[in-house]
Amino acid sequence: MRIVVTGREGQLARCLQAVGAEHNVDIIRLGRPETDFSWPARIIPALSATKADLIINAAAYTAVDRAESEIPLAHTVNSVSAGIIAKGAEWLGIPVIHLSTDYVFDGIAGRPYCEDDSVHPLTVYGISKYEGELRVAAANPRHVICRTSWVYSPYGQNFVKTMLRLADERDEVGVVSDQRGCPTYGLDLARTLLQIAHRVVHEKAVDSPLFGVFHVAGGGEATWADVAEAVFEASASRGGPSAHVRRIGTKDYPTPAQRPADSRLDTTRLRETYGIAMPDWRSSLDHCVAVLLSAQTDHEAHSINLSDGAE
């Protein structure tokens, strides 16, 4: 199977590249210079040239705070381009898997969100991502929209890598403790997406339960402070940097974009439809920290031993 993944240098694209061989999948990461997702007119020709069996749209404008002042760009990448990618897949006669976010919810439900819960994004980023969902669904009936959350991995910039860097620089780190969600390991997410892809690639019935919206997130729940403490514990146990976590409130760390206070995702539909249960976030985070500490460099996939530290 040949899969095109949009967003060449993103965390998820690189995770998919790393685990593709496990699933006998040829991963083609698509991005600049072949195409630019801020220029939608360039997308269809680039997709057509790949001869893909399925497209995973992982391209996104993810600068949550900057999006508040760059509304047109966030809308173009997360909404307009998402719809064009899905339409391109439909023209090619193939399914599309589209990545969305827990930020489509406002975080006031007081329980994990199900796929059918009403959305109410609080930010430009969340609004643009939800609009992208709508465009994808309208453009290609053979779609799987995967909402995920709090993604970290050995690649790119993410919370886990930031905590390890800060632990090298200081003895104490202030981390928000009143935002709750489901930390998701990028490699776990990539493996799940490839399992989904294998199921849907030959599914022609547009009313199949395999298509639609699914929540795909790590098992368990945490606050950002919980995650930071787990990072430092895993690092310290391997002789790596560690720091004391000073728990602070959201009000103590103001940002231009308002984060949902409780964006936990209920993954029951994923489990019941695909038989997939994501690993608990703590075991996955331990693996990620082990990989990062053992890596000579984390800029290229070949320099990271993905099995190091695995259970």
Side-chain angles (χ1 to χ4, degrees), residues 1-7 12-13 16 23 25-28 30 35 37 40-60 75-102 104-105 113-119 121 126-148 189-190 192-217 265-276:
M1 180 167 57
R2 173 175 286 189
I3 295 178
V4 164
V5 182
T6 60
L12 184 54
L16 284 161
H23 293 260
V25 174
D26 181 17
I27 299 292
I28 302 170
L30 187 64
T35 191
F37 301 106
R42 300 180 182 179
I43 295 173
I44 298 299
L47 293 177
S48 300
T50 62
K51 302 187 184 305
D53 298 304
L54 181 142
I55 295 170
I56 296 178
N57 181 29
H75 176 76
T76 297
V77 176
N78 291 343
S79 179
V80 178
S81 291
I84 292 174
I85 290 166
K87 189 62 178 178
E90 197 270 338
W91 284 341
L92 296 170
I94 60 178
V96 62
I97 298 175
H98 173 70
L99 272 295
S100 191
T101 174
D102 57 328
V104 301
F105 298 112
Y113 284 94
C114 300
E115 290 83 351
D116 296 329
D117 284 330
S118 297
V119 303
I127 292 169
S128 67
K129 289 298 290 182
Y130 181 58
E131 290 176 348
E133 291 186 12
L134 297 178
R135 287 177 181 260
V136 167
N140 190 337
R142 296 171 67 202
H143 64 267
V144 182
I145 295 169
C146 296
R147 293 176 181 149
T148 192
L189 177 59
T192 295
L193 294 177
L194 293 184
Q195 291 179 65
I196 292 173
H198 273 290
R199 294 283 301 277
V200 303
V201 68
H202 298 301
E203 179 58 71
K204 302 299 183 183
V206 297
D207 59 349
S208 168
L210 297 178
F211 297 122
V213 180
F214 294 85
H215 289 171
V216 184
L265 297 176
D266 186 316
T267 58
T268 301
R269 180 178 292 178
L270 176 72
R271 184 173 63 254
E272 292 181 346
T273 303
Y274 285 97
I276 299 172

Legend entry - side-chain hydrogen bond (donor to acceptor under 3.5 Å, both in side chains) against S128, all qualifying residues, sequence neighbours excluded: N78
Under a 4.5 Å cut-off applied to non-hydrogen side-chain atoms, are [X] and [Y] in contact?
X    : Y    : result
L193 : L99  : yes
I3   : L194 : yes
V144 : F214 : yes
H198 : V25  : yes

Atom pair [atom1]/[atom2] of [X] and [Y] - distance to nearest 0.5 Å:
X    : Y    : atom1 : atom2 : answer
I145 : K129 : CD1   : NZ    : 10.0 Å
R2   : L54  : CZ    : CG    : 13.0 Å
L16  : I27  : CG    : CD1   : 5.5 Å
N57  : L30  : CG    : CG    : 10.0 Å
C146 : I196 : SG    : CD1   : 4.0 Å

Legend entry - Pairs involving residues 134-148, ordered by first then second residue, that meet side chain to side chain donor-acceptor pair (under 3.5 Å) (sequence neighbours left out): S79-R135, E133-R147, R147-H215
Legend entry - Contact list for residues 194-204, test salt bridge (Lys or Arg N to Asp or Glu O under 4.0 Å), sequence neighbours left out: none
Legend entry - Residue pairs involving residues 76-97 (criterion salt bridge (Lys or Arg N to Asp or Glu O under 4.0 Å); sequence neighbours excluded): K87-E90
Please give me the minimum heavy-atom distance between [X] and [Y], naming the atom from each residue.
X    : Y    : result
T6   : A58  : OG1-N, 3.1 Å
L265 : A217 : CD1-CB, 4.2 Å
A139 : G83  : CB-O, 3.6 Å
F211 : V206 : CD1-O, 4.0 Å
P95  : A89  : O-CB, 4.1 Å
V104 : S100 : CG1-OG, 4.0 Å

Inset, instruction - Taking H23 for its side chain and A197 for its backbone only, find out whether a donor-acceptor pair lies under 3.5 Å. - result: no
Can you list, pair by pair, the side-chain donor-acceptor contacts under 3.5 Å of residues 268-275, counting residues two or more places apart and other chains?
{"unit_1": "T268", "atom_1": "OG1", "unit_2": "D266", "atom_2": "OD1", "d": "2.5"}
{"unit_1": "R269", "atom_1": "NH1", "unit_2": "V213", "atom_2": "O", "d": "3.0"}
{"unit_1": "R269", "atom_1": "NH2", "unit_2": "D116", "atom_2": "OD1", "d": "3.2"}
{"unit_1": "R269", "atom_1": "NH2", "unit_2": "D116", "atom_2": "OD2", "d": "2.9"}
{"unit_1": "T273", "atom_1": "OG1", "unit_2": "R269", "atom_2": "O", "d": "2.9"}
{"unit_1": "Y274", "atom_1": "OH", "unit_2": "L210", "atom_2": "O", "d": "2.5"}

Inset, instruction - Using the test ring pair (Phe, Tyr, Trp, His ring centres under 6.0 Å), find all partners of Y130 that sit at least two apart in sequence or belong to another chain. - result: none
